[in-house]
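See below for the structure under consideration.
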Amino acid sequence: MSVDSKRALVVNGKKLEVEPGATFGKAAQALGVGKIALAGRALGRSYTLDDKIPEGASEAEILTKERGGLAVLRHSASHLMASAIKRLWPEARFGTGPDTEKGFYYDVDLAHRISDEDLRKIEAEMKKIVSEDAKFERSELSREEAEKLVLSKNESFKQELIRDHAAGGETVFSFYKHSDFVDYCEGPHVPSTAWIKAVKLHDVSGSYWRGKEGNPQLQRVRGTAFFSEKDLQQHEKNIEEAKNRDHRKLGQQLDLFSFNDFAPGIPFFHPRGVTVYNELLAFLRDEYRKRGYVEVRAPLVLKVDLWHRSGHYANYRENMFFTQSEDVEMAVKPMNCPGHCLIFKERPRSYRDLPIRMAEFSPLHRNERSGTLHGLMRVRGFSQDDAHIFCREDQLEQEVLHCIAFLKKVYDTFGFKDVKVELSTRPEKSIGTKELWQKAEGALENALNKAGLNFRINAGDGAFYGPKIDFHITDALDRSWQCGTLQLDYNLPSGPEYSSQGGGGGESPASKEANSRFDLSYKGQDNQPHRPVMIHRALLGSLERMIGVLIEHWAGAFPLWLAPEQARVLPVAEAFVSYAREVEKALFDAGLRASVDDSPEKVGKRVRDAVLAKVPYVLVVGEKEAQARSVTVRARSSEKQVVLSLSSLIERARGEVARRELAPEASTTSLDAAAAPSS
RNA sequence: GCUGCUGUAGCUCAGCUGGUAGAGCACCUCCUUGGUAAGGAGGAGGUCAUGGGUUCGAGUCCCAUCAGCAGCUCCA
């Protein structure tokens, strides 16, 4: 083969003939994306457009603005920021600085505490470097050279990374340089700093090196970047709007709940919040009745002996509240499972009794670390829609499917579209045989597939006693919260045969008690005792967290069945207050939550108040309505007015509640259809 | 728990380099009897998170504590 013969290459999925020694830039031009090309990739590595396409590559990728560009831009912005920081504080050392979903950050080790003012200074310095139009250049070094280079710059964190990568088998260490700043980095990057025009730094916070609590804490400087100033502004605007959905803000505005210094992290639910809370409970109890659940109530405070037996004392003590009675140490329960095991044991059980689906809504208390608290999403006192299913081994899959079907019903009722499902498998520290684990994981995976759910496997993240399925929902600011959970538990039902092979945490192996859990059994068809399997499951997760999620999901505009105030009657003048009261009474008698606003304000003002309170139905009544025994309805999310007879409004609203209808728009449509011809 | 930031009326916030508190909304009273997103006038309301300290004097400066916010960590 002659040296100058062209070679075939697949670039971005298209076949291309390239000259030997051609650069990624040339390939980009040949593809017609020369102007928007940012970087190249081949053989699992990133390159600049000026780099030659590696000889051995038969495929290559050109990253462009549209093709993975934002991540490239942001990663470059993090380098740009690091270089600006280095100019301002030459002693700064760096951890890692990746792009993220919404922007980028760089972790900095610097004795000087970076303030908000400093962020502006850094931004100004970044602008300078942008105007310098500094090229990003790539180079490759051997391990020795790489370590030498980072050590010469006193970058010990980078050295640690290099050593780790070397231990992982890496032999080529790439560096990216722009201006006077060089960084150990995989890339890719934009061609030059001039690309990074729309960039903004947001905040600085602490962050442990490599995410380990014992490690030194670096300063994480966070920001974001876009290709255009317009996109950046839009992004900032979106964030502002998302903040208006924050359940903490809406919870206060809508008078749903509050927090008080006297009980940090434990919510006070106001009357309106309790209405939502109780409607959710009613929904679940309805479903429990249909699905063969039984509800129980176990004590809130139990002797520590019990928590020793359950393993909570050894594994969960840090998160428990303790108290005492006379000389007996007791604990406030953080979970329901031990109580349910005790109820199970209260009498002999037969295989005919199983499955037992035992539900409980009791409040739980967990002493969460102060920094983890977050509105209703993470609290120290809450109730789960908890249940423990005691079943036979052969009922396991069916029961898991039963739970998933239930969960789907619940999430459909709320209209959740983006639920992330994770299957967490056997962790390093685990109890039980390999076969048991494989069986359990298989059962869960099988059930997920049968249920048609897309899921991600989260290897090694299961509980030590069994694998689990978690359901995550994101909040207004895209933070992910675990809501539903489904866990297989072989631990709590176990008896004296249980040994603390790795899972026992701080338990003393000498203690026989610690080595026996609840020793649950049922009498099988064979007249022999058998061990039941326990499924621990919650669908909403905690009522508190779910209410927080729902507030953000609907921006406070609850569907009719959950709305604290379902209708507000506004008499147009004092003369019609008595008819307004009649309407209120009729609604009340129909089981609906209604009020009259007879404050001495103009109708416009009272309509505004009702809209801001997100009341689903605003009913204006005056002379016409009083005579016709009708109401003029203004449904939420529609300014359209519809005249309805009082009786047909009630009929509609009751149906909407009974079916737990979702969208306010749906009710608007049905109202339109039912609209009496207005005179 | 860690790092940083914040804490002024019920809510949202103003209060310059220290000279002992202000607005809008909400609330109350009166006027207005109003037909779909803010009618008008007046009034009341604050141990400036708490506790120390510096100072002739602290909302303002310093320290501690408490709580919240962002991120990290944690989340059986």
Side-chain angles (χ1 to χ4, degrees), chain A residues 95 100 105 107 113-116 118-119 202-222 243 246 248-249 252-253 255 258-265 310-312 314-316 318-320 334-338 364 366-375 377-379 424 427 461-466 468 470 477 479 481-482 485 487 489 491-492 503 505 536 538 541-542 545 570-577 598-613 618-625 632-634 638-641 643:
Chain A
T100 63
Y105 66 80
D107 287 345
R113 294 293 151 196
I114 296 172
S115 66
D116 285 356
D118 291 334
L119 292 182
H202 288 135
D203 49 44
V204 60
S205 63
S207 163
Y208 300 107
W209 166 239
R210 313 203 95 177
K212 288 232 170 73
E213 198 166 339
N215 282 348
Q217 198 165 37
L218 310 178
Q219 300 186 68
R220 173 164 297 181
V221 189
R222 305 192 313 148
K243 282 184 183 160
D246 190 315
R248 293 166 296 187
K249 195 170 171 176
Q252 183 197 60
Q253 279 169 10
D255 197 17
S258 60
F259 287 90
N260 189 292
D261 285 1
F262 283 114
S310 69
H312 285 83
N315 294 299
Y316 204 67
E318 300 300 307
N319 286 309
M320 290 168 67
M335 293 179 207
N336 288 313
C337 11
L364 307 173
R366 298 182 185 175
N367 196 5
E368 304 283 358
R369 299 210 269 177
S370 58
T372 64
L373 302 174
H374 185 97
M377 303 297 198
R378 186 80 179 266
V379 289
S424 297
D461 209 37
F464 70 85
Y465 52 74
K468 56 177 186 168
D470 289 329
L477 287 173
R479 288 173 290 219
W481 298 97
Q482 184 197 304
T485 185
Q487 313 177 350
D489 186 349
N491 173 43
L492 286 182
H536 172 116
S542 83
R545 176 174 290 181
L570 312 184
V572 298
E574 216 175 313
F576 310 108
V577 170
D598 61 352
S599 64
E601 297 286 350
K602 304 261 197 239
V603 175
K605 163 70 168 154
R606 284 177 287 151
V607 166
R608 180 174 192 268
D609 289 343
V611 169
L612 290 178
V618 180
L619 310 176
V620 178
V621 298
E623 186 157 14
K624 283 182 303 189
E625 292 83 0
T632 298
V633 183
R634 179 189 168 120
S638 159
E639 286 173 31
K640 211 165 165 188
Q641 295 156 43
V643 180

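Below, chain A is the first sequence line, B the second, and so on; all start at residue 1.
- Interface remark: the A:Arg378 side chain does form a donor-acceptor pair with the B:C74 base, using a distance-only criterion of under 3.5 Å.
- Summarising the geometry, the separation between CE on A:Met377 and C1' on B:A70 is reported as 16 Å, rounded to the nearest angstrom.
- For A:Ala613, the side-chain contact (heavy atoms from CB on, under 4.5 Å) criterion is met by A:Arg568, A:Val615, not counting sequence neighbours.
- When heavy atoms are screened at a 4.0 angstrom cut-off, A:His374 is found touching the sugar-phosphate backbone but no base atom.
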Under 3.5 Å, N/O pairs linking protein and nucleotides 59-67 of chain B:
from  : atom 1 : to       : atom 2 : distance (Å)
B:A67 : O2'    : A:Asp261 : OD1    : 3.0

Polar atoms only, N or O, under 3.5 Å: list the protein pairs with nucleotides 10-15 of chain B and their distances.
from  : atom 1 : to       : atom 2 : distance (Å)
B:C11 : O3'    : A:Gln252 : OE1    : 3.3

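- Where pairing requires Watson-Crick or G-U contacts shorter than 3.5 Å, the helical stems of RNA chain B with at least three consecutive pairs are B:1-7 with B:66-72, B:10-13 with B:22-25, B:27-31 with B:39-43, B:49-53 with B:61-65.
- Atom C1' of nucleotide B:C74 and atom CG of A:Asn367 are separated by 13 Å, given to the nearest angstrom.
- Distances shown here put a side-chain N or O of A:Arg248 below 4.0 Å from the OP1 or OP2 atom of B:C69.
- Of the side-chain N and O atoms in A:Arg479, one or more sit less than 4.0 angstrom from OP1 or OP2 of B:A70.
- For residues 212-220 of chain A, proximity to RNA chain B is found at A:Glu213, A:Gln217, A:Arg220, defined as any non-hydrogen atom under 4.0 angstrom from a strand atom.
- A distance-only check finds no donor-acceptor pair linking the side chain of A:Asn260 to the backbone of A:Ala263 [under 3.5 Å].
- Checking side-chain atoms of A:Arg606 against main-chain N and O of A:Pro571 turns up a donor-acceptor pair under 3.5 Å.
- Using a 4.5 Å heavy-atom threshold, the side chains of A:Trp481 and A:Arg545 count as touching.
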Could you write out each protein N or O paired with an N or O of nucleotides 34-38 of chain B at a distance under 3.5 Å?
from  : atom 1 : to       : atom 2 : distance (Å)
B:G34 : N9     : A:Val572 : O      : 3.4
B:G34 : N7     : A:Val572 : O      : 2.1
B:G34 : N7     : A:Ala573 : N      : 3.3
B:G34 : O6     : A:Glu574 : N      : 2.1
B:G35 : O6     : A:Glu623 : N      : 3.0
B:G35 : N1     : A:Glu625 : OE1    : 2.9
B:G35 : N1     : A:Glu625 : OE2    : 3.2
B:G35 : N2     : A:Glu625 : OE2    : 2.4
B:G35 : N2     : A:Thr632 : OG1    : 3.3
B:U36 : O2'    : A:Arg634 : NH1    : 2.8
B:U36 : O2'    : A:Gln641 : NE2    : 3.4
B:A37 : N7     : A:Arg634 : NH2    : 3.4
B:A38 : N7     : A:Arg608 : NE     : 3.4
B:A38 : N7     : A:Arg608 : NH2    : 3.4
B:A38 : N6     : A:Arg608 : NH2    : 2.6
B:A38 : N1     : A:Arg608 : NH1    : 3.3
B:A38 : N1     : A:Arg608 : NH2    : 3.4
B:A38 : N3     : A:Arg608 : NH1    : 3.4

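- Across all strands shown, A:Arg113 has heavy atoms under 4.0 Å from sugar-phosphate atoms exclusively, and none from any base.
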